[in-house]
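Small disclaimer: the values here were computed from a predicted structure and weren't measured.
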Amino acid sequence: QVQLVESGGGLVQAGGSLRLSCAASGRTFSYYAMGWFRQGVGKEREFVAAVNWSGGRIDYADSVKGRFTISRDNAKNMVYLQMNSLKPEDTAVYYCASHRAAWSESPKSSPESYNYWGQGTQVTVSS
């Protein structure tokens, strides 16, 4: 059974930084692209960032480009999201997700491309 467990969320002032982590288990982590999504109160879940199976290809939402960095450590079955220069509009529950298909070269931005999700971690940015 695949499990994804996020950690690292919290309350931070605008301009601050947080690093989210996602620990994966239950299948061969290194075969699958990974993504980060977020959902604010009253909003739909939106794409944040994704990385392909090898870490060689990465995609970001325009709203986080230049501020967030996704990375993965296949030896540790971990994916990370470093978030800098946080803004109040970044406030949301952040989810990591594992792609449906193995060996996907292009990281996907649609939630439908992912079939396993973590429980989420709350990020709150105060102004």
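In this structure, the separation between CD on Glu46 and CD on Glu44 is 10.0 Å, given to the nearest 0.5 Å. Between Tyr80 atom OH and Thr69 atom OG1 the span is 14.0 Å, to the nearest 0.5 Å. The CG atom of Asn74 sits 10.0 Å away from the CE atom of Met34 when rounded to the nearest 0.5 Å.
In plain terms, the two heavy atoms of Lys108 and Ala50 that are nearest each other are O-CB, 3.6 Å. Heavy atoms only, all atoms of each residue included: Pro107 and Val51 are closest at CB-N, 3.8 Å. Nearest heavy-atom pair across Gln122 and Ala92 is NE2-O, 3.4 Å. Annotation for Gly8 and Leu18: closest pair O-CD2, 3.8 Å, computed over non-hydrogen atoms. Heavy-atom minimum distance, Ser85 versus Arg67: O-NH1, 3.0 Å.
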(request) Please test Ser63 against Arg38 for side-chain contact (heavy atoms from CB on, under 4.5 Å), starting from the C-alpha separation and ending with a verdict. (result) CA-CA 12 Å; Ser63 59; Arg38 67 187 182 187; 3.5 Å; yes
(message) Let's go through Phe37 and Phe47 carefully: what are the C-alpha distance in whole Å and the side-chain angles of both, what is the deciding distance for side-chain contact (heavy atoms from CB on, under 4.5 Å) to 0.1 Å, and is it a yes or a no?
(response) CA-CA 5 Å; Phe37 292 78; Phe47 170 72; 3.8 Å; yes
(request) For side-chain contact (heavy atoms from CB on, under 4.5 Å), just list the numbers for Tyr32 and Arg100, CA-CA rounded to whole Å, side-chain angles, deciding distance to a tenth of an Å, and then say yes or no. (result) CA-CA 8 Å; Tyr32 296 90; Arg100 291 182 180 275; over 6 Å; no
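In terms of modelled atom types and a separation under 3.5 Å, the side chain of Glu6 and the main chain of Cys22 share no donor-acceptor contact. In terms of modelled atom types and a separation under 3.5 Å, the side chain of Arg57 and the main chain of Trp53 share no donor-acceptor contact. For the pair Ser104 (side chain) and Ser106 (backbone), a donor-acceptor distance under 3.5 Å is present.
Partner of Cys96 under the side-chain contact (heavy atoms from CB on, under 4.5 Å) criterion, chosen from Leu4, Val5, Thr121, Leu81: Leu4.
In this structure, Phe29 and Ser98 have side chains that are not in contact, with every pair of non-hydrogen atoms separated by 4.5 Å or more. At a threshold of 4.5 Å between non-hydrogen side-chain atoms, the residues Phe68 and Leu86 count as touching. Between Leu20 and Met83, the closest side-chain pair of non-hydrogen atoms falls below 4.5 Å. The closest side-chain heavy-atom distance from Arg72 to Ser54 is not below 4.5 Å.
For the pair Arg45 and Tyr95, the cation-pi criterion (under 6.0 Å, within 45° of the ring axis) is fulfilled.
Salt-bridge check for Lys87 with Asp90: failed, with every basic side-chain N at 4.0 Å or more from each acidic carboxylate O.
Residues Trp36 and Tyr94 place their aromatic rings such that the two centres sit no closer than 6.0 Å. Aromatic ring centroids of His99 and Tyr114 lie under 6.0 Å apart.
No side-chain donor-acceptor contact under 3.5 Å links Thr91 and Glu89.
Other residues, nucleotides and ligands contribute only 12 or fewer heavy atoms inside 6.0 Å of the CD atom of Gln13.
Hydrophobic clustering of Ile, Leu, Val, Met, Phe, Trp and Tyr side chains at less than 4.5 Å, counting indirect connections, keeps Trp117 apart from Met78.
Remark: Asn84 pairs with Ser17, Gln82 by the side chain to side chain donor-acceptor pair (under 3.5 Å) rule, at least two apart or across chains.
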